[in-house]
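Note that these values count all heavy atoms, side chains included, but never hydrogens, waters or copies made by symmetry.
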Amino acid sequence: LERAIIIAKLIKDSKPSIHAFVAVDGDAVDTRSVNDHLYRDLTWFDEHIKKPLTDAGIDFTLEVSWSREWQKSIMESAKRRDSDLIYLPVHASESSSNRRLFFTESKWELLKGAYCPVVLIRPGANAQRKVIIAAVNTQAQRDVQIELNRKILQTAKFYAEAYDADLHVVNGYLDSLNFPDRTKLLKESGLPNEKVHILNGYTSDVVSALSEKLSADLIVMGTLGQNGMTKTRRGNTAERLISAVDTDVMVINHE
């Protein structure tokens with residue numbers, strides 16, 4: 001909610017509104033009656049949702065869903081309202097020896113099927129956006145991948161301008177015979193040479209390392225929507241990257 005309020009106040013060309021959607025992911029939380037965190041009364045909604053939005057002078061609506069298919073209910077709600085972004089909280093494992101996310105299949109279904117970009121919000125990450133990284137793959141040959149690169153750069157530029165943030169672009173590669181075209185990337189991004197990073201290694205590793213080096217606040221990446229069984233929908237690169245960083249990640253889906 002804090003991040004949504006910040007960007008809503010920064011967008012000057014129109015008057016954004018926020019739709020607060022309340023649901024429970026039964027796969028990720030304890031839904032037994034003994035879990036006090038599941039109980040919310042009217043005072044909680046007033047204090048934690050209504051008051052911050054009213055104080056910020058932002059128009060808002062509120063929706064509560066009881067659907068077991070919470071991710072589909074979010075997607076349908078976003079589609080009805082022609083939403084620009086979905087903000088979704090994600091949490092690391094409680095195990096100190098395992099920092100991977102509690103990223104259930106239902107969350108992946110949301111990422112792969114969302115009608116707009118999904119911003120994964122990490123607890124403790126910076127709310128402000130001073131450095132934004134766009135992760136692209138200029139070696140892509142398929143039209144759908146080329147279009148996804150374009151959307152990543154376009155979206156990253158828009159939010160870098162809105163936040164007055166420093167934008168960097170990174171392209172990882174494994175095979176020197178398939179080296180990314182720096183000239184093409186410079187032209188498409190419109191950035192100076194020092195802000196375009198072509199690094200050897202897996203995308204998840206190079207983006208994570210660059211994010212830590214630059215103290216990035218937001219990473220913009222893409223994933224291709226896929227058909228088939230739920231268990232096949234995870235994108236290995238996307239999963240590794242999301243799990244490798246401690247910052248917020250914006251995922252742009254391309255069907």
(message) Please find the pair of heavy atoms, one from S73 and one from F21, that lie closest to each other, and give the distance.
(response) OG-CZ, 3.4 Å

(request) Mind running salt bridge (Lys or Arg N to Asp or Glu O under 4.0 Å) on R80 and E63 for me, showing each step along the way? (result) CA-CA 12 Å; R80 288 196 305 270; E63 183 176 359; 3.1 Å; yes

(request) Measure the shortest side-chain to side-chain distance between L186 and N193 over non-hydrogen atoms and say whether it is less than 4.5 angstrom. (result) yes

(request) Begin from the C-alpha positions of S77 and H19 and carry the test side-chain contact (heavy atoms from CB on, under 4.5 Å) through to its verdict. (result) CA-CA 9 Å; S77 181; H19 182 65; 3.3 Å; yes

(message) Quick one, D166 with K195, criterion salt bridge (Lys or Arg N to Asp or Glu O under 4.0 Å). Give me CA distance, side-chain angles, the key distance, then yes/no.
(response) CA-CA 9 Å; D166 200 16; K195 293 186 178 180; 2.4 Å; yes

(message) Would you say that I242 contacts V251 through its side chain, given a criterion of any heavy-atom pair below 4.5 Å between the two side chains?
(response) yes

(message) Which heavy atom of V196 sits nearest to which heavy atom of L185, and what is that distance?
(response) CG1-CD2, 3.6 Å

(request) Could you go through the side-chain contact (heavy atoms from CB on, under 4.5 Å) check for N126 and T247 one step at a time? (result) CA-CA 7 Å; N126 293 331; T247 189; over 6 Å; no

(request) Could you check E147 against R150 for salt bridge (Lys or Arg N to Asp or Glu O under 4.0 Å), going step by step and ending with a plain yes or no? (result) CA-CA 5 Å; E147 173 63 15; R150 187 193 67 79; 2.6 Å; yes

(request) Assess whether side-chain contact (heavy atoms from CB on, under 4.5 Å) is satisfied between S83 and Y115, documenting all intermediate values. (result) CA-CA 8 Å; S83 299; Y115 305 98; over 6 Å; no

(request) Determine whether more than 12 heavy atoms belonging to other residues, nucleotides or ligands lie under 6.0 Å from atom CG of D175. (result) yes

(request) Identify the two heavy atoms, one from R122 and one from V90, that lie closest to each other, and give their separation to 0.1 Å. (result) CD-CG2, 3.3 Å

(message) Just so I know, are the side chains of L224 and Q145 near enough to count as touching, which here means a heavy-atom distance under 4.5 Å?
(response) yes

(request) Kindly give the heavy-atom pair with the smallest separation between P117 and M250, and that separation in Å. (result) CB-CG, 4.0 Å

(message) Do T203 and N137 make a side-chain contact, defined as non-hydrogen atoms from C-beta onward lying under 4.5 Å apart?
(response) no

(request) Consider only side-chain N and O atoms of K112 and T223, and report whether a donor and an acceptor are under 3.5 Å apart. (result) yes

(request) Work out which heavy atom in A216 is nearest to a heavy atom in I133; give both atom names and the distance. (result) CB-CD1, 3.7 Å

(request) Please tell me if the side chains of R129 and Y159 come closer than 4.5 Å, counting only heavy atoms from C-beta onward. (result) no

(request) Using the ring of Y202 (Phe, Tyr or Trp, six-membered ring only), decide whether R240 places NZ or CZ under 6.0 Å from its centre and within 45 degrees of its axis. (result) yes

(request) Supply the members, apart from L53, of the Ile/Leu/Val/Met/Phe/Trp/Tyr cluster built from side-chain contacts under 4.5 Å; use none for a lone residue. (result) L1, I5, I18, V22, W44, F45, I49, I58, F60, L62, V64, W66

(message) Contact between Y173 and N200 at the side-chain level, heavy atoms closer than 4.5 Å - yes or no?
(response) yes

(request) Apply side-chain contact (heavy atoms from CB on, under 4.5 Å) to the pair E2 and I121, showing each step before the final yes or no. (result) CA-CA 10 Å; E2 177 186 43; I121 305 299; over 6 Å; no

(request) Just jot down the side-chain contact (heavy atoms from CB on, under 4.5 Å) partners of K130, sequence neighbours excluded, or say none. (result) D217

(message) Do L218 and V131 make a side-chain contact, defined as non-hydrogen atoms from C-beta onward lying under 4.5 Å apart?
(response) no

(message) Do F158 and D84 have side chains that approach each other closer than 4.5 Å (heavy atoms only, starting at C-beta)?
(response) no

(message) Restricting to non-hydrogen atoms, name the atom on L241 and the atom on S204 that form the minimum distance, rounded to 0.1 Å.
(response) N-CB, 3.6 Å

(request) Establish, from distance only, whether the side-chain atoms of Q139 and N171 form a donor-acceptor pair under 3.5 Å. (result) yes

